[in-house]
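Working notes, beginning with the structure itself.
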Amino acid sequence: MATRSQTAAVLLAGALALAACGSGGGSQTPAASGGGGKTLVIDTSFDLKTADPGRTYEPTGLIVGKAVYETLLTFDGADVTKPVPALAESYELSKDGKILTLKLKKGATFADGSPLTADDVVFSLTRVRDMKGTPSFLLDGVEVAKTDDSTITLTSKAPNPALPYILPNPALGILNSKVAKEHGATTDAQDKAEQYLNSASAGSGPYMIESFNVSSQVTLKANPKYYGTKPAYDKVVIRNVEAATQKLNVQRGDSQIALNLSGDQVTGMPATLQVKKTASANVIFLLANQDSAISKTTTNPKFVEAVRKGVDYAGLLELAGEGSAQAPGVIPSQLLGALPADQAAKRDVEGAKAALAASGLSNPTVKLEYPSELTVNGLSFQPLAERVQANLKEVGITVDLQPAPVTTALDNYRNGKEEMGLWYWGPDYPDPSDYLAFLPGKTVGLRAGWKAGAAKEIEAAGDKAATAIGDDARKAAYVDVQTKLNASGPFVPLIQPSQNIVTATSVTGLEYHPVWTVDVADLGVK
C-alpha cells in the first residue's frame, strides 16, 4: 500500500467542517412543499471544495458526486462488504488478483442523452489517476484499457484485491469525455475542466447540478434523461448550516434531513422526526510512540499493556452516546475483516497495575497530544482525553494533556513527534487493506515511531493479508493482523462514535454510508 499524503484530508474533515459551518443558511431555501413535495432540503456542515469528480475527496463533495456521476461498481445500501454492479453489469478478478475485468451494461446514457461508452470509462479513470488530484492515489499503479466496446480491464502490478471496493468511490465517477474535453478536460495536470464541472453536469447520474457554491449551498435537479429509476425528488438542496441551526431547522420543518448532530443534540427529538443512530466508520484510537528518541516510557511494551488494560471503554461509550460502539480493532465494524465484538479489550485495573509494575517504570508521566478544536461525528476530543487521563491515573500513570490547534497537532502527529496521541482514522475506501497503514513502516505506523522491521511477525501477517484473494481468506488474514496488533502493537482502538442523522417522517430509504454518507437518489417520499 502506497503512503498517501491525502490522509491529512481525512483527518482534517471535522475541522474543516467546523471552519465552514458558520455560514448559517437557515432561510436560504424553502423547505419541501407539504403533502409529499418534490424538494428535499438537507442541512450539513460543509466540507466541500469542488464538484469535479477527479478532484473531490471531501465528505460533502462525495454526496454531490454520488448523485451526479455513476461508477462502474457500487454498494447496496449500507453494506460495504460486497461491491455490486452499477455501470458495469459484471466484474471478475483474476486468480492472481492483478487483473479486474468489467463488462459494461447496455443502455447507460449521459445527461445530454448521449450513450456512455468504454472510451468514456478509460478517459475518466485515466484522468483521475494522471491529473494528480486528491483522489489520484485510488488508482496508483493501475493501468486502464478497453478490450472491446463493452469490456474494460484494470491491471495492477501487484495483487490488488481491494480494487472492486475502491471503484464505487464517487471520485471515480464516469464523465462524458466528449463534453469534458470541450471544456478543458485532459488526462494530465494541465486539465482545466473544474470550473465547468462546478456549474454543469457531465455525468450519467440521476441528478444534475443546478447551482454550486462551496461555502453556502448546492442545488441538484433531477436528470430528465436519466435512463434508470427516476429519483423521488425533483430537486435536492444541500445547505451549509452549523449543527445548532440544523437541529432547529429540522424540528420546525425548514429542512428534511440534518446530518451533523451530536448524540446530545438528538436526544429528546419529537416523534414527528426519525433519528437514525449507527456507529460511524471512524475509529478513534490512542498511539504510544515507539521511537526511543521521543520517549523511553511509551516504547516499553508493558507500559502499552497497562494503557490498554487501564482504559474504561464502557465509560468512553457512555461519553460518546447512544449509537456509538467500542472498536475491537483498527478496522471498523462495517468492513470485511473487522474483529468480532467479543474480542474487544476490557478494563482490568489490577491487570493494568501489574503490567505497569512489570514495566519497571515508577509513576510515569506522559504527554498526550490531540487536536483541540476537532470534532468527529459531533464528539470533541477534549472530554475523551480527560476521561483517558482519569482512567490511567487510577493505574498509576500521569497523563499531561497537550491539546493544540489542528494544524499544529497534525504536524506533530504526521512527523511522529507525539509521545502519545489521540486521533481517528476514517476509511479512504471501505476495504481492510486501507488499515495496513497501521503497520510498521506504513503511514500511521510511522506516526507512532514504528519503523519497518520493528515487528516482523505483524509485518508478515500484513504482507499475507495484502495478497490474500477471496472474501474468506481476506477476512481471516485481516482478523489475524488485528489480533497481533492488539497483542503487541502501539495502538489502542477506543470507539466508533455514532453517526446521528435526523429526518422528517416523510423521508424513506435513508442508510448511512461510510464513503458518501447518504445516497440522495435512494431517498423516497411517503
Side-chain angles (χ1 to χ4, degrees), residues 283-317 319 326-327 329-330 344-372 374 380-404 408-425 438-440 444-451 453-455 458 484-495:
V283 172
I284 297 176
F285 62 90
L286 290 169
L287 68 83
N289 203 302
Q290 296 302 291
D291 183 349
S292 58
I294 300 296
S295 176
K296 295 289 194 294
T297 301
T298 57
T299 50
N300 189 314
K302 283 293 180 181
F303 171 84
V304 180
E305 181 184 338
V307 171
R308 194 183 310 279
K309 290 179 176 177
V311 171
D312 179 8
Y313 302 94
L316 293 181
L317 282 180
L319 192 65
Q326 185 177 347
V330 294
K346 294 178 176 59
R347 192 176 202 207
D348 175 6
V349 175
E350 293 309 311
K353 289 179 178 178
L356 189 61
S359 74
L361 300 166
S362 178
N363 300 315
T365 297
V366 290
K367 294 178 180 178
L368 176 63
E369 296 187 44
Y370 54 93
S372 55
L374 185 61
S380 169
F381 277 62
Q382 183 67 33
L384 288 174
E386 291 171 355
R387 188 67 62 94
V388 168
Q389 179 188 48
N391 292 167
L392 297 185
K393 185 176 183 180
E394 294 178 47
V395 173
I397 298 170
T398 299
V399 177
D400 179 12
L401 299 184
Q402 298 275 320
T408 304
L410 259 178
D411 280 345
N412 284 346
Y413 169 60
R414 292 209 300 252
N415 294 322
K417 301 299 185 186
E418 296 180 334
E419 185 173 27
M420 287 189 71
L422 178 66
W423 287 95
Y424 86 101
W425 182 271
F438 283 82
L439 270 56
V444 189
L446 289 172
R447 291 170 180 178
W450 212 22
K451 299 184 176 74
I458 293 176
K484 288 180 167 63
L485 266 178
N486 284 350
S488 58
F491 302 104
V492 181
L494 300 175
I495 58 170

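Counting from 1, the numbers follow the sequence of the chain as shown.
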Inspect the contact between Glu305 and Lys302 and indicate whether a charged nitrogen and a carboxylate oxygen are less than 4.0 angstrom apart.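 Salt bridge flag = yes for Glu305 with Lys302.
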On a heavy-atom basis, which atom in [X] and which in [Y] lie closest, and how many Å separate them?
{"X": "Ala385", "Y": "Leu401", "result": "O-CD2, 3.7 Å"}
{"X": "Gln326", "Y": "Ala345", "result": "NE2-O, 2.7 Å"}
{"X": "Trp450", "Y": "Leu439", "result": "CE3-C, 4.0 Å"}
{"X": "Pro371", "Y": "Phe381", "result": "O-CB, 3.9 Å"}
{"X": "Gly416", "Y": "Asn289", "result": "O-ND2, 3.0 Å"}
{"X": "Val492", "Y": "Arg308", "result": "CA-NH1, 4.0 Å"}

Can you name the side chain to side chain contact (heavy atoms under 4.5 Å, CB included) partners of [X], sequence neighbours left out?
{"X": "Val330", "answer": "Tyr435, Phe438, Gln482, Leu485, Pro493"}
{"X": "Asn415", "answer": "Asp411, Lys417"}
{"X": "Ser488", "answer": "Ile458"}

Distance from [X] atom [atom1] to [Y] atom [atom2], nearest 0.5 Å?
{"X": "Glu369", "Y": "Trp423", "atom1": "CD", "atom2": "CH2", "value": "9.0 Å"}
{"X": "Ile495", "Y": "Tyr313", "atom1": "CD1", "atom2": "OH", "value": "11.5 Å"}
{"X": "Phe303", "Y": "Thr297", "atom1": "CZ", "atom2": "OG1", "value": "6.5 Å"}
{"X": "Leu287", "Y": "Met420", "atom1": "CG", "atom2": "CE", "value": "7.5 Å"}
{"X": "Leu422", "Y": "Phe285", "atom1": "CG", "atom2": "CZ", "value": "8.5 Å"}
{"X": "Leu384", "Y": "Leu316", "atom1": "CG", "atom2": "CG", "value": "6.0 Å"}

With sequence neighbours left out, what residues match Lys451 under salt bridge (Lys or Arg N to Asp or Glu O under 4.0 Å)?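 By the salt bridge (Lys or Arg N to Asp or Glu O under 4.0 Å) rule, Lys451 matches Asp291.
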Sorted by first residue and then second, give each salt bridge (charged side-chain N to carboxylate O under 4.0 Å, His left out) pair with at least one member in residues 383-402; sequence neighbours left out.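 Applying salt bridge (charged side-chain N to carboxylate O under 4.0 Å, His left out) to every pair that reaches into residues 383-402, excluding sequence neighbours, yields Arg347-Glu394.
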If you define the side chain from C-beta out and look only at heavy atoms, does anything of Ile397 sit under 4.5 Å from Pro364?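 Sidechains of Pro364 and Ile397: in contact.
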Determine yes or no for a side-chain-to-main-chain donor-acceptor pair under 3.5 angstrom, with Thr299 supplying the side chain and Gln290 the backbone.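 Checked: no pair found.
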Using modelled atom types and a 3.5 Å cut-off, is there a donor and acceptor pairing between side-chain atoms of Asp312 and backbone atoms of Asn391?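 No: the side chain of Asp312 does not pair with the backbone of Asn391.
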Between Thr298 and Glu419, does any side-chain donor sit less than 3.5 Å from a side-chain acceptor?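 No - no donor-acceptor pair under 3.5 Å links their side chains.
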Any luck finding a side-chain donor-acceptor pair between Glu418 and Tyr370 under 3.5 Å?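 Glu418 vs Tyr370: no donor-acceptor pair found between side chains.
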Under the side chain to side chain donor-acceptor pair (under 3.5 Å) definition, can you give me all pairs with a residue in residues 350-367, not counting sequence neighbours?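 Side chain to side chain donor-acceptor pair (under 3.5 Å) check on residues 350-367 returns no pairs.
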